[in-house]
Amino acid sequence: MKLDITTLNPEQREAVTTTRGPLLVLAGAGSGKTRVITTRIAYLVAHEGVPSERILAVTFTNKAAREMVERVKALLKGRRIPPAKRPTICTFHSLGVRLLRAHIEKLGYRPGFVIYDTQDQQAVVRTLIEEGNYEEALISHKDAHFALQVAKSKGQTAAELSSHRDAPRDLFLGKLMAEYQDTLKRMNAIDFEDILQLSLQLCREHPAATEQFFSRYSHVMVDEYQDTNRAQYDMLRHAIRPHGNLCVVGDDDQSIYGWRGAEPGNILDFERDFPGARVVRLERNYRSTGTILSAANQVIGNNTQRKEKTLRSTRGPGKLLLWLEASCEMDEMEKVLTHMRLAHMRENSPWGDFAILFRSNFQSRQVEEALRDDGIPYKVVGGTRFYERKEVKDALAYLRLMVDPFDEVSLQRVMNFPRRGIGKSTQASLMEYAAHQGRPPFRVMEEASKFAEFSPASATAMERFTSLIRRYARRFEAEPLGVVFRELMGELEFHRAVEKEKADSKTKDRAVSLIHELEFAIDQFTARGSDEDGGPELKTYLEHVTLMSLPEDDEQQGAPMVTLLTVHSAKGLEFPRVYLVGLADGVFPHKRSLAEGGEPEERRLFYVALTRARNELVLSMAKTRKRWGKEEKQEPSRFLLEIDRELFDGEAPAGQGKMTAAQKARKVADARERFFNQIRKARDTAGA
């Protein structure tokens, strides 16, 4: 059976039929990269006569691997290939497990090792912290576990972390990592990061054994190569050592996972690392209209460290971009929803065609409330609904106690958060004693000093806690909700406690932003009910939150719904109509990322956001927003100002047309290139 590749465009055919040596396929958004890599596998089998079991294709998720398997199976449907002879299509972690199953005893483990899942790993960390010789756990066990995994993904060791004498957090993590790794090894267990790190250790310390393992493959392919980290890159170098036949497919312009270890340099330096490498650019986009791609090209072109490519649409220019500028965030959502409703009615577009994208998780609250108030069904993809996030639920638990101090679920959630000396053993004694006496635990806590079951310190902590709840409950009855809530959060030092739980600056910032967004939500709710005598009651607000937390009937029945998601979660997805909201400078690009030198990755993230849209792209911003309890003026995202005014239908972002230094440099470079092209053309004409 011969494979029909005539339906591929010339660049795709070149990528498929280049089967020897190192090959870099720069596959822009919507250019058919999955089709290319799966067709290439089938081509090797059907045209080159490569035994299918000699082919290895690696990707990042089980879902992507399953999709590749099905596509290859369909392409080779005329061939009966027994399971043992099929191509190996798997994730990096799955490949690592295969290697470890063959040779892990060389690293001092026993055959038959187990892989701990996230809950098992967190249980080990929690036990080590609770039973270990730690003066203070600087972060929660869950965040300590996360920090360990991040450090391991970067190749950091316990000894390296422990050498940072002036960094208490690193010293804590270094000691914890050493005990954690010893515990896992004693149990003959490994975790997810160990899969890659131990595989790489095998490659380095036992090259003969690993070369024998990888010699079963004569062709290696990697999908989403821009997302590889250093460990994955090094493992690939060992995998192709016997033959050098490596094909990587990716797009440096879509490298947006630097925060979890991805190395954009792996794709930028491919030609240097693999001499003689061939490069094929897939620049024909089958997803988006020409207008959307023009905007995306203009933005990403201002990143200087990138492989040159320009996406071209196969679908014509399509609709112009639409810019919606509002006075405030509520007004922004009103304008967005009005536009959506008109499109839904006039063009008969189902709600499943619509997606609302935002930069950060905290922004989902405004969008969710607006959609629910307007009766539009929605689903949150790749994240948690705002009112279901831990930080928000912890803060709301305090408010529920103000209304009902006998709410045991809320009581147990926050009686020791922030920490106040009511530890787990005290909590267990409290619940046992309250049940024995037939009294609500809160009542027992109010008189804790009367009972011998509690130490003087614990009793004092419990009585102070109940006094705080009673005091603020009285204030909530008489004063504005937002004012009292902010003062409660301040007295509790809630923001600091939330930050302390988190593993790194980005997760700290994200968690604190959620609390500030909750403060703003209470302000908005108060403003809506300000016509009532004394404003709305706390009980009314909590009822509103409960309704917001209930699943929609449409969601339960599987009806078409608007998709809500962050741009990170949108990677790999596409939608007919995309609304990109909150496009203020400091929000997108994110202020903290800019401060840490992350503008190039923020620009790549913006590029990914634009290229999720197939037919229509609507961009929006509020001129003001509430921040830290105050109203702030906002300016349009600097990335918007890199898009030509002609691409907008009507009004364009204010300040649009100002050129950045990078744009000016690119215009000069383009002018020089046109000049030299004219000279070359003149010489060619003269020579002819």
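Along the sequence shown, residues are numbered consecutively beginning with 1. The model shown is predicted, which means the values in this text are computed figures rather than measured ones.
- Evaluation of the side-chain hydrogen bond (donor to acceptor under 3.5 Å, both in side chains) rule for Thr88 yields Tyr217 as partners, not counting sequence neighbours.
- Between the Arg306 side chain and the Lys309 main chain, a donor and an acceptor come within less than 3.5 Å of each other.
- What you find for Ala355 and Leu565 is that their closest heavy atoms are CB-CD2, 4.5 Å.
- In this structure, Phe417 has its ring center under 6.0 Å from that of Phe494.
- In this view, Gln232 satisfies the side-chain hydrogen bond (donor to acceptor under 3.5 Å, both in side chains) rule with no residue, not counting sequence neighbours.
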Quiz item: Under the side-chain hydrogen bond (donor to acceptor under 3.5 Å, both in side chains) criterion, do Tyr233 and Arg237 qualify, and how do the steps go?
Solution: CA-CA 7 Å; Tyr233 169 83; Arg237 296 295 297 263; 2.7 Å; yes
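- Donor-acceptor pairing under 3.5 Å is lacking for the side chains of Gln121 and Gln119.
- Applying the side-chain hydrogen bond (donor to acceptor under 3.5 Å, both in side chains) test to every pair with at least one member in residues 187-212, sequence neighbours left out, gives these pairs: Gln149-Asp191, Lys152-Asp191, Lys152-Asp194, Tyr180-Asp191, Gln181-Asp194, Gln201-Glu205, Arg204-Asp234.
- Under 4.0 Å is where a charged nitrogen must lie from a carboxylate oxygen, and between Glu368 and Arg365 no such pair does.
- Checked against side-chain hydrogen bond (donor to acceptor under 3.5 Å, both in side chains), His243 has no partners two or more places apart in sequence or in another chain.
- Note on Glu67 versus Lys63: no salt bridge recorded, every NZ/NE/NH1/NH2 to OD/OE distance being 4.0 Å or above.
- Under the 4.5 Å side-chain criterion, counting only non-hydrogen atoms from C-beta, Lys185 is not in contact with Asp182.
- Within a 6.0 Å sphere centred on NZ of Lys142, other residues, nucleotides and ligands contribute 12 heavy atoms or fewer.
- With no hydrogens or angles considered, no side-chain donor-acceptor pair links Gln254 and Tyr607 at under 3.5 Å.
- Ion pair Glu224/Lys571 flagged as a salt bridge, since at least one NZ, NE, NH1 or NH2 atom sits closer than 4.0 Å to an Asp/Glu carboxylate oxygen.
- Taking Ser218 as the reference, nothing meets the side-chain hydrogen bond (donor to acceptor under 3.5 Å, both in side chains) condition, with sequence neighbours excluded.
- In this structure, Arg216 is positioned above the aromatic face of Phe213, its NZ or CZ under 6.0 Å from the six-membered ring centre and within 45° of the axis.
- Across Ala57 and Met68, no two heavy atoms sit closer than the pair CB-CE, 3.9 Å.
- Residues meeting the side chain to side chain contact (heavy atoms under 4.5 Å, CB included) test with Val114, sequence neighbours left out: Tyr116, Ala189.
- Without hydrogens or angle criteria, Ser360 side chain to Gln363 main chain gives no donor-acceptor distance under 3.5 Å.
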Quiz item: What do the steps show when you test Ser94 against Thr91 for side-chain hydrogen bond (donor to acceptor under 3.5 Å, both in side chains), and what is the final call?
Solution: CA-CA 5 Å; Ser94 178; Thr91 63; 4.7 Å; no
